[in-house]
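Data first, discussion second: the structure below is written as structure tokens.
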Amino acid sequence: MSGPIGGDATALARAIAEGRLTAAAAMEAALLAAETDSLGALARVAPELGRAGAARADAILAAGGAAASAPFRGVPFLGKDLGASGRGLAACGGNAALRARTPDPESDDALFARFRGAGLVAFGLTAVPEFGAALTSEPPGAPPARNPWNPELSPGGSSGGAGAAVASGIVAMAHATDAAGSIRVPAACCGLVGLKPSRGATPMGPGFHNWLNGLVGEGVLARSVRDVAAAFGAITGDARGPVPDPALRSIPATPRVALALPAGVSEAAARPVREAAEALGGPVSTLDPAAWATLSARAAAVADTVLAVSLAEWVDAAGLTEAEITPLSAAAARHGRSLPAPAFFAATREAAAIAHALWDVFASADVILTPVLADGPPPVGAFDFASSDLEAHHARMAAAAPGAAVANVSGFPALAVPFGMAGGLPRSFQMIAPFGAGRALLALASRIEDAAPAIPFPRLADLPEDLR
């Protein structure tokens, strides 16, 4: 296909660069769309911030020079209410008490400085589940985020607000984070492209630090592979974090493909995996479902431990009481506090063992193809934050997105790719590759995108008719 219907961020940036549209006009269209948002996609809108940023972008474009050549100069952008923060937009994890006591930062985190350097103009934050702890996005006290393709369904989580905002046309690109599938699940739910990068590939300081012991990766959700590739090029490298920058790895043009098809995934979820493997044209093998299920369960257990300990530290550092958080978050924080240090250290050893096990898979394969979702987007309300049954919550997460945590725990890159429509909903699959192969995954995805049926996104508001 020639690009997603309705335009992407690359097309929008080109229209602004060529003078067919101003950054100010693009921002006004985005603000209008935000005002009429009926999907619960947004946690916060800061019109004055967006308008000031758009005016600066137009001034830079008018002056010309190297600064005007940023890949997304003047493109409206939304941060996520979790993860790295931008100037004037404090990320507060979907918690009202934390928002009330957190001042907006006066400077960008390192990641947001790179977003800004790429020309993106932030004007708000997208909705998340409280502390990012679900695969739906329903912040307490606010409307739930809904799927643009079917409002009874969720756009996923925890970057579900970002997914709904991009798929519905409020923006063409939005910030996203992924600690156990939170980029890839919304991408699959909403027909978008989303890369969970290799550990250490992008900066995480100074505000976001390393809260999740390396599980989390940050990036964007967008409508096209070229958008994600350009954004990844702008934010990756020289991360100056606690681990070295990953060495860049290539993937053969005709890769050896290993299919990981968990028991219990629907045929609708498995079909795009097989079709994508066929499109790549290389030899295909199938991983033993029982072995993959064991690896997935081990990864999920590590992620559950790290997330609970991290949440306990976050809640306590912020001075939040149990009355100020949901019962599910309170249960998770209590569990995190109850874990002794040796148990947490054991989880870090297990994470290393999982990475070694995944490297063994790549001894005979170049890329793993697997579903993101077991059977389509979860319904709104699928995860109950009024419950304190943490074990049942974790089981529902694992059932909705089997194996999602494998890439996070191992630190390997994973990319969600849309593959047409079925039953009125987008279809998707994901690719996992060795450390440092994020760019190579995007190159493979570009080939598959060219062969895949188009996703019929709504048109972005008030853009020139030729933006396709």
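FYI, side chains are in, hydrogens and waters are out, and symmetry mates aren't considered; it's all heavy atoms of this structure.
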Side-chain contact, heavy-atom cut-off 4.5 Å: [X] with [Y]?
| X | Y | value |
| --- | --- | --- |
| C189 | P378 | yes |
| S168 | L39 | yes |
| N213 | F344 | yes |
| P155 | P186 | no |
| P371 | L261 | yes |
| L259 | V284 | yes |
| M173 | F72 | yes |
| L153 | V380 | no |

Test salt bridge (charged side-chain N to carboxylate O under 4.0 Å, His left out) applied to R249 - qualifying residues, sequence neighbours left out: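 Partners of R249 under the salt bridge (charged side-chain N to carboxylate O under 4.0 Å, His left out) test: none.
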
Do the side chain of [X] and the main chain of [Y] share a donor and acceptor less than 3.5 angstrom apart?
| X | Y | value |
| --- | --- | --- |
| T177 | E218 | no |
| D109 | M204 | no |
| N408 | V216 | no |
| S446 | A443 | no |
| S198 | A201 | no |
| D8 | S224 | no |
| H175 | K80 | yes |
| D227 | A9 | yes |
| W149 | G424 | no |
| S137 | G160 | yes |

Checking side-chain polar atoms at under 3.5 Å, does T136 have a donor or acceptor matched by the opposite partner on S154?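 No, no side-chain donor-acceptor contact under 3.5 Å.
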
So, R44 and D104, do they make that salt bridge, N to O below 4.0 Å?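 Between D104 and R44 there is a salt bridge, with a charged N closer than 4.0 Å to a carboxylate O.
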
Is it true that R274 and E267 have a side-chain N and a carboxylate O under 4.0 angstrom from each other?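 Yes, this pair counts.
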
Sequence neighbours left out, what pairs pass salt bridge (Lys or Arg N to Asp or Glu O under 4.0 Å) with at least one residue falling in [range]?
| range | result |
| --- | --- |
| residues 319-330 | R101-E324, E322-R334 |
| residues 293-310 | R298-E350 |
| residues 417-426 | none |
| residues 416-445 | E275-R427 |

Between D389 and E391, is a side-chain contact (heavy atoms from CB on, under 4.5 Å) present by the stated rule, with each step listed? CA-CA 6 Å; D389 190 339; E391 185 175 346; 3.9 Å; yes

If you count every heavy atom of other residues, nucleotides or ligands that lies below 6.0 Å from E48 atom CD, does the total exceed 12?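 Yes, CD of E48 has more than 12 neighbouring heavy atoms, counting only those of other groups under 6.0 Å.
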
Give a yes or no on whether R240 atom CZ has more than 12 heavy-atom contacts from other residues, nucleotides or ligands under 6.0 Å away.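 Not more than 12 within 6.0 Å, no.
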
Distance in Å, [X] [atom1] paired with [Y] [atom2], rounded so as to fall on 0.5 Å steps:
| X | Y | atom1 | atom2 | value |
| --- | --- | --- | --- | --- |
| L192 | C190 | CG | SG | 5.5 Å |
| W359 | I354 | CH2 | CD1 | 15.5 Å |
| L280 | I448 | CG | CD1 | 4.0 Å |
| T36 | L32 | OG1 | CG | 5.5 Å |
| L120 | R114 | CG | CZ | 14.0 Å |
| R199 | F412 | CZ | CZ | 9.5 Å |

F457 ring centre to R223 NZ or CZ under 6.0 Å, with the angle to the axis within 45°?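 Cation-pi check for R223 and F457: passes.
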
Salt bridge (charged side-chain N to carboxylate O under 4.0 Å, His left out) evaluation trace for D178 with R184: CA-CA 7 Å; D178 190 320; R184 291 160 289 148; 2.9 Å; yes

Output all residues satisfying side-chain contact (heavy atoms from CB on, under 4.5 Å) with [X], sequence neighbours left out; order by chain, then residue number.
| X | value |
| --- | --- |
| P103 | none |
| A260 | L287, W292, I368, T370 |
| V228 | V193, L195, V220, A222, L442 |
| A445 | V225, L415, V417, M431 |

Are F123 and F77 close enough that their ring centers fall under 6.0 Å?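 Ring-ring flag for F123/F77: false, centres at least 6.0 Å apart.
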
How close do [X] and [Y] get, counting heavy atoms only, and between which atoms?
| X | Y | answer |
| --- | --- | --- |
| A299 | V409 | O-CG2, 3.4 Å |
| L78 | L42 | CD1-CD2, 3.6 Å |
| T348 | F345 | OG1-O, 2.6 Å |
| D37 | A41 | OD2-N, 3.0 Å |
| A113 | D108 | N-CB, 3.6 Å |
| I432 | F362 | O-CZ, 3.5 Å |

Can you give the donor-acceptor pairs under 3.5 Å from side chains of residues 395-404 to other protein atoms, not counting sequence neighbours?
none

Test side-chain contact (heavy atoms from CB on, under 4.5 Å) on L82 and S158 and set out the steps. CA-CA 9 Å; L82 182 67; S158 63; 4.0 Å; yes

Under the ring-ring contact (aromatic ring centres under 6.0 Å, His included) rule, collect the residues that match up with F429, sequence neighbours excluded.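 F429 satisfies ring-ring contact (aromatic ring centres under 6.0 Å, His included) with no other residue.
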
Quick one: side chains of residues 126-133, donor-acceptor pairs under 3.5 Å with protein atoms, not counting sequence neighbours, listed by atom name and distance.
from	atom 1	to	atom 2	distance (Å)
T126	OG1	G79	O	3.3
E130	OE1	T326	N	3.0
E130	OE1	T326	OG1	2.5
E130	OE1	S329	OG	2.6
E130	OE2	N95	ND2	2.8

Checking R99 against D81 for the salt bridge (charged side-chain N to carboxylate O under 4.0 Å, His left out) test, could you report, in this order, the C-alpha distance in whole Å, the side-chain angles of both residues, the deciding distance, and whether it holds? CA-CA 10 Å; R99 180 168 305 287; D81 193 22; 2.7 Å; yes

